Amino acid sequence: DGGITQSPKYLFRKEGQNVTLSCEQNLNHDAMYWYRQDPGQGLRLIYYSQIVNDFQKGDIAEGYSVSREKKESFPLTVTSAQKNPTAFYLCASSTMDRVADTQYFGPGTRLTVL
Amino acid sequence: GDSVTQMEGPVTLSEEAFLTINCTYTATGYPSLFWYVQYPGEGLQLLLKATKADDKGSNKGFEATYRKETTSFHLEKGSVQVSDSAVYFCALSEVSGGSYIPTFGRGTSLIVHP
């Protein structure tokens, strides 16, 4: 089955630690995205990538980093510089087709800072 | 920049009631419009979409029509079920500097009582 997988589903971090969230897709999509979701605030774009070895900052990139070494993988690192990282993180992918640019989402990772 | 405005929730209905969730947008070009649905603890999934003016998207009894003159894409369903309880996101996607950057509304929570 084609789709997007995210792991882990739940993640706990201590203050001052970096953590990496995994996102893998087998849809052969060029574009991948990371969003942060907080209650009542919808989705906010952290980073996106439309080609291997290239990525762009979204609206709230501070305290986060990404890499895109393979087309199917787009891991997100939440660094200790992110002051309020507790949130639900969603990864998505899409084609670059103007007409069919639906976003396909993974199941999400819930990060909690202890 | 682009923006999407949805009616605030929660929207609370009895089973078999008529549903409308309003969505209006601001965009510089000719975006594609989407409705996504998110069930508790899950990622978003596409509900329906429309890619040009006057197109009607439909799926699972839900409908929305792309109205360019009123910049709207209201979601409707004639008879809701308890299983429709979820958060609904209106979104648009258009080319910006060669990139397809989606813009999401804040989401509207729907609660359907038996």
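Quantities reported herein were computed from a predicted structural model and do not represent experimental measurements. Letters go in sequence order (proteins before strands), and every chain restarts at 1.
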Can you tell me if A:K70 has over 12 outside heavy atoms packed within less than 6.0 Å of its NZ? no
A:Y33 (side chain) donor-acceptor with B:I101 (main chain) under 3.5 angstrom: no
Counting only heavy atoms not in B:R106, do more than 12 fall under 6.0 Å of its CZ? no
Other residues, nucleotides, ligands: >12 heavy atoms within 6.0 Å of B:F18 CZ: yes
Sub-4.5 Å side-chain heavy-atom contact between B:K49 and A:T102: yes
Should A:D101 and B:F34 count as side-chain neighbours, where that means a heavy-atom distance under 4.5 Å? yes
Just checking B:K68: does its NZ atom have more than 12 heavy atoms from other residues, nucleotides or ligands closer to it than 6.0 angstrom? yes
In this structure, would B:L44 and A:M32 fall into the same cluster of hydrophobic residues linked by side-chain contacts under 4.5 Å? no
Flag yes if more than 12 heavy atoms outside A:E62 fall under 6.0 Å of its CD atom; otherwise flag no. no
Let me know if A:L45 has heavy atoms under 4.5 Å from chain B in its side chain, its backbone, both or neither. side chain
Does any non-hydrogen side-chain atom of B:E42 lie less than 4.5 Å from one of A:L90? no
Value for CZ (A:R44) from CZ (B:F104), rounded to nearest 0.5 Å, stands at 14.5 Å
Heavy-atom check, side chain of A:Y35 versus side chain of B:P102, under 4.5 Å: yes
Heavy-atom cut-off 4.5 Å, strictly under: side chain, backbone, both or neither for B:E8 against chain A? neither
Non-hydrogen atoms of chain B under 4.5 Å away: do they reach the side chain of A:Q37, the backbone, both or neither? side chain
Kindly check if the number of other-residue, nucleotide or ligand heavy atoms within 6.0 Å of CG (A:L27) is above 12? yes
Close side-chain approach of A:Q103 and B:Y36, heavy atoms under 4.5 Å: yes
